[in-house]
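Worksheet: the structure to be examined is printed underneath.
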There are 2 protein chains.
Amino acid sequence: MNRGDAFDPSCPTRVVLDRIGDKWTVLVIGALQDGPLRFTALRARVGGVAAKVLTQTLRAMERDGLLTRTVHAQVPPRVDYELTPLGASLTAPIATLTDWAETHLSAILAARDDYDAELGAR
Amino acid sequence: MNRGDAFDPSCPTRVVLDRIGDKWTVLVIGALQDGPLRFTALRARVGGVAAKVLTQTLRAMERDGLLTRTVHAQVPPRVDYELTPLGASLTAPIATLTDWAETHLSAILAARDDYDAELGAR
DNA sequence: CAGCATCCGTTCTGATACTG
DNA sequence: CAGTATCAGAACGGATGCTG
């Protein structure tokens, strides 16, 4: 494996990790899994996102080809967001991660308790 | 799927994502895959990390039971870091992600070029 | 409705200097 | 050697107000 991958912005691992590491991206993908949503609906579904931050997340994902942004020429404006096949294919790796997380959560939490308990004892 | 998972700090997905999303954690796991390393060696291998940040990363990973920190009673001091089975098992999901990244990198980069080109055209 | 501009508080990062 | 302490700068997140 290439050790320096995290420093090369074009490294695939880095690119994907930056996107996955973002709190909202994963939520957005989850929210759009069942079909397209417009901005407000998406925001309501994700919950707790500031409009600005949602927009940023959406733009970044659009730029990376993970979703499409469709502006309907209407008044009032209407914008639909929908996962591309590429974006949808990301759900698989995410699921792998989620599975691992669910499987090992108890171990992680137990390790934390141990660690914190020892710290407190000192 | 639970929509609110990102807001529950104890949610497995959140816990793991926070750790994976961290630039250094993935690098550290990669660096320790072949066996234990002491602090300086680890730092050299990862490259470009400030000592403070490495320490923070290591502590967080230790707390989560991903690696062990062994202090040898010597002068000069010597501290070894080694992946636990739990930490080692994380390499699998990471590999899944990396595979996806490598497979789809060209698509992502192409999408970016398109996006940026259209932006520049305006 | 969608989202851009602006502002502000918080967090994160990294460099530097110092200690057991 | 392996940190800890301190601190300034950058990046981020989020709230608010305004526009097509």
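Within every chain, numbering begins at 1; the chains are lettered A, B, ... in the order of the sequence lines, protein sequences first and strands thereafter. The basis for the numbers below is simple: all heavy atoms, side chains too, and nothing from hydrogens, waters or symmetry mates. Keep in mind that what you see is a predicted model, and the values were worked out from it rather than measured.
Going from atom CH2 of B:Trp24 over to atom C1' of C:dT13 covers 10 Å, rounded to whole Å. What separates CG of B:Asp22 from C1' of D:dC12 is a distance of 15 Å, to the nearest Å. Spacing between atom CG of B:Leu27 and atom P of C:dT13 amounts to 13 Å, rounded to whole angstrom units. Nucleotide C:dT11 holds its P atom 13 Å from the NZ atom of A:Lys23, rounded to whole Å.
Side-chain proximity of B:Arg38 to the nucleotides C:dG3, D:dG3, D:dA2 is greatest for D:dA2.
DNA chain D lies under 4.0 Å from at least one heavy atom of each of the following residues of residues 50-62 of chain B: B:Lys52, B:Thr55, B:Arg59. Near-neighbour residues of DNA chain C inside residues 68-78 of chain A, defined by a heavy atom below 4.0 Å, number-ordered: A:Arg69, A:Pro76, A:Pro77.
A:Thr96 contributes a side-chain N or O that, together with a main-chain N or O of A:Ala92, makes up a donor-acceptor pair within less than 3.5 Å.
Between A:Thr57 and A:Val49, the closest side-chain pair of non-hydrogen atoms is not below 4.5 Å. Contact check for B:Thr13 versus A:Ile94: no side-chain heavy atoms found under the 4.5 Å cut-off.
Looking at residues two or more places apart in sequence or on another chain, you find a side-chain hydrogen bond (donor to acceptor under 3.5 Å, both in side chains) between A:Asp18 and A:Arg14. The side chain to side chain contact (heavy atoms under 4.5 Å, CB included) test applied to B:Val71 returns B:Arg69, B:Val79, not counting sequence neighbours. Annotation: side-chain hydrogen bond (donor to acceptor under 3.5 Å, both in side chains) contacts of B:Arg38 (sequence neighbours excluded): none.
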With a 3.5 Å cut-off and sequence neighbours excluded, list the donor-acceptor pairs that the side chains of residues 60-67 of chain B form with protein atoms.
from    : atom 1 : to       : atom 2 : distance (Å)
B:Arg63 : NH1    : A:Asp116 : OD1    : 2.9
B:Arg63 : NH1    : A:Asp116 : OD2    : 2.5
B:Asp64 : OD1    : A:Arg112 : NE     : 2.5
B:Asp64 : OD1    : A:Arg112 : NH2    : 3.2
B:Asp64 : OD2    : A:Arg112 : NH2    : 3.3
B:Asp64 : OD2    : B:Arg19  : NE     : 2.7
B:Asp64 : OD2    : B:Arg19  : NH2    : 3.3

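When each of A:Val28, A:Leu32, A:Leu37 is tested with A:Arg45 by the rule side chain to side chain contact (heavy atoms under 4.5 Å, CB included), just one qualifies, namely A:Leu37.
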